[in-house]
**Q** 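Can you read through this structure? Questions will come right after.
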Amino acid sequence: MITNPTSPDTTMEAISQAVIEGRAGHIASARQKLLALWSTIGVTGDPLHRCTLAHYLADLYEDAAQALAWDIRALDAADVVTEQRVQQHHASLHIASFYPSLHLNLADNYRRLSSFDAATEHITAAREHAPNLPQDAYGASLRTALDEVAEAISRRDIAKRASAPGPTA
């Protein structure tokens, strides 16, 4: 049986605090805190930390190319996170449930950059992983976003979605 660690994960706590700050509208400060954490974690650090940080940091960039770079880092880190490590952080988590969101974000950024073939590959991957989404409000919001991005790809629309996370233009 896997249990939660007895000591808090200060890195995940710091990431969470920066995310809260960013969602409260303090984009530059949140980005600076996450970049400082990235410098501490490094490219070979804990893949759960790297995945989580990069995933949320991408949302703090208005520029799709900058967001894409962080989303690629998040997916790369997810590919080496073990199920044991994810459940060590929280017993209810599964690495498979990360992939719909990670691929969705990549699809959306590629779409915004007019790279529709790459966007299509990632929206397809996101849909293939969608059965791993929880049957709750979060899962429903991601399923809606999958439909929105797929439709935008089919229209060759490069505008930022109103429902997309991150700073507003």
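All values derive from a computational prediction rather than experimental measurement.
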**Q** Identify the heavy atoms of C51 and A77 that sit nearest to each other, and give their distance.
**A** N-CB, 3.5 Å
**Q** Using the test side-chain hydrogen bond (donor to acceptor under 3.5 Å, both in side chains), find all partners of S163 that sit at least two apart in sequence or belong to another chain.
**A** E148, R161
**Q** Excluding sequence neighbours, so at least two apart, what forms side-chain hydrogen bond (donor to acceptor under 3.5 Å, both in side chains) with D71?
**A** N109
**Q** Sequence neighbours excluded, which residues qualify as salt bridge (Lys or Arg N to Asp or Glu O under 4.0 Å) partners of R111?
**A** D108
**Q** Restricting to pairs with a member in residues 121-144, which pass salt bridge (charged side-chain N to carboxylate O under 4.0 Å, His left out), not counting sequence neighbours?
**A** R127-D147
**Q** I need the full list of side chain to side chain donor-acceptor pair (under 3.5 Å) pairs touching residues 21-36, with sequence neighbours left out, sorted by first then second residue.
**A** E21-S29, E21-K33
**Q** Test of understanding: with salt bridge (Lys or Arg N to Asp or Glu O under 4.0 Å), list the residues that count as partners of E151, not counting sequence neighbours.
**A** R155
**Q** Does anything in residues 32-56 pair up under ring-ring contact (aromatic ring centres under 6.0 Å, His included), and if so which pairs, sequence neighbours excluded?
**A** W38-W70
**Q** Using salt bridge (Lys or Arg N to Asp or Glu O under 4.0 Å) as the criterion, list what pairs up with D46, not counting sequence neighbours.
**A** R85
**Q** Among residues two or more places apart or on two chains, list those pairs meeting ring-ring contact (aromatic ring centres under 6.0 Å, His included) that have a residue in residues 120-151.
**A** Y99-H129, H103-H122, H103-H129, Y110-H122
**Q** Identify, with sequence neighbours excluded, every residue that meets side chain to side chain contact (heavy atoms under 4.5 Å, CB included) alongside A159.
**A** D157
**Q** Going by salt bridge (Lys or Arg N to Asp or Glu O under 4.0 Å), name the residues that satisfy it together with R73, two or more places apart in sequence or in a different chain.
**A** none
